[in-house]
2 protein chains.
Amino acid sequence: MATNTMNKSEIKVIGVLERVGGFASAQELYQLLQRGGESIGLTTVYRALQSLVSDKIVDQLRREDGEAIYRLCGDNHHHHLVCKQCGSTVEIEGSAIERWTKSIAEEHGFREVGHTAEIFGICPKC
Amino acid sequence: MATNTMNKSEIKVIGVLERVGGFASAQELYQLLQRGGESIGLTTVYRALQSLVSDKIVDQLRREDGEAIYRLCGDNHHHHLVCKQCGSTVEIEGSAIERWTKSIAEEHGFREVGHTAEIFGICPKC
DNA sequence: TTGAAAATGAAAATCATTTTCATTTTCTGC
DNA sequence: GCAGAAAATGAAAATGATTTTCATTTTCAA
Ligand SMILES: [Zn+2]
Ligand SMILES: [Zn+2]
Ligand SMILES: [Zn+2]
Ligand SMILES: [Zn+2]
């Protein structure tokens, strides 16, 4: 249930995730909190994130390099088109992929479904 | 081009990947090679995998816990539906996503386009 | 044969994440 | 308010995958 209380650290972490408005790693969130003058330890950031993930308030997934990244559930979800040469990025509205995900998952009886999708290539400038 | 030569270690790693027939981590592959009596160091396994990945002979992706896993690139391109609980994996035929990728990329003038897409959730058994 | 280039692997370094543990804060019943 | 229990906190140590260093060995072309 979501009957659990939320402690101070969890509130701070949610706050910074709101400001970020997308994905960020634990280390990044920790830095942002520090810079914002918040007094909070790295360990506590990790613990707050674990707790928020298991309460389904935050989504967790992985960067290419394996680092965990987090975002508030219900942030406006989108994907990216990235240039492998210059790194420039376009945000993609992906309703087609959202439907695809949902239908595949249903077809196989999966629940609590999430997904990742990135497109990469070489941009017109490069 | 794929004109590069392949060294002994890379051949050993390909061999064990063939035997495995699916995904395995670097550490697992190293263990398997050891048990199989092959003399090869962990560092070399990592290096061989890096090289094979960059030559597009091996696919790399991430377990839920962030560990990298590898498998031989099959001729048939597909995606995965993975259970975050038990790790069981379903291979997905993704013509819808292939079209989506292509149309988005064209729309933005990108070339040499690739993509990643994974769906994860909790399987019926779990 | 010989010297340069490539490959190898043990050990050390990195780096995200988790665990430990002693301290501090919050809560509960009186 | 007050004592003691429970929860939260964070510094430091531990963990574990991966990368880097570096000295040694192997390969290969001239
Ligand atoms: Zn570009
Ligand atoms: Zn999506
Ligand atoms: Zn499962
Ligand atoms: Zn595809």
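Heavy-atom basis, side chains included; hydrogens, waters and symmetry copies ignored. Residue numbering restarts at 1 for every chain, and letters A, B, ... go by the order of the sequence lines.
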Hey, can you pull the donor-acceptor pairs under 3.5 Å for the side chains in residues 20-29 of chain B, sequence neighbours left out?
from    : atom 1 : to      : atom 2 : distance (Å)
B/Ser25 : OG     : B/Glu28 : N      : 3.1
B/Ser25 : OG     : B/Glu67 : OE2    : 3.1
B/Gln27 : NE2    : B/Tyr46 : OH     : 3.1
B/Glu28 : OE1    : B/Ser25 : N      : 2.9
B/Glu28 : OE1    : B/Arg63 : NH2    : 3.2
B/Glu28 : OE2    : B/Arg63 : NH2    : 2.9

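For DNA chain D, the neighbouring residues in residues 37-53 of chain A, judged by any heavy atom under 4.0 Å, are A/Ser39, A/Ile40, A/Gly41, A/Thr43, A/Thr44, A/Arg47.
A/Glu67 comes within 4.0 angstrom of sugar-phosphate atoms only, judged by non-hydrogen atoms across all strands, and of no base. B/Ser9 comes within contact range of the sugar-phosphate backbone alone, with a heavy-atom separation under 4.0 Å but no base atom that close.
In this structure, A/Arg62 atom CZ and D/dA17 atom P are separated by 13 Å, rounded to whole Å. Rounded to an integer number of Å, the gap from CE of B/Met6 to P of D/dT27 is 18 Å.
Looking at B/Arg111, its side chain never comes within 3.5 Å of a backbone N or O of A/Pro124 through a donor-acceptor pair.
For the salt bridge (Lys or Arg N to Asp or Glu O under 4.0 Å) test, residues two or more places apart in sequence or in another chain that qualify with A/Arg71 are A/Asp59. The side chain to side chain donor-acceptor pair (under 3.5 Å) search around A/Glu106 returns none, not counting sequence neighbours.
Note: B/Cys126 SG to A/Glu112 CD = 11.0 Å, rounded to the nearest 0.5 Å. To the nearest 0.5 Å, atoms NZ (B/Lys8) and CD1 (B/Ile40) are separated by 11.0 Å.
Cluster partners of A/Leu81 are A/Val90, A/Ile92, A/Ile97, A/Trp100, A/Ile104, A/Phe110, A/Val113, A/Ile119, B/Leu81, B/Val90, B/Ile92, B/Ile97, B/Trp100, B/Ile104, B/Phe110, B/Val113, B/Ile119, counting Ile, Leu, Val, Met, Phe, Trp and Tyr whose side-chain heavy atoms approach within less than 4.5 Å, directly or via other members.
Checked against the 6.0 Å centroid criterion, the rings of A/His79 and B/His115 do not qualify as a close aromatic pair.
Taking the 5' to 3' direction, DNA chain C first and last meets chain A under 4.0 angstrom from a heavy atom at C/dA16 to C/dT26.
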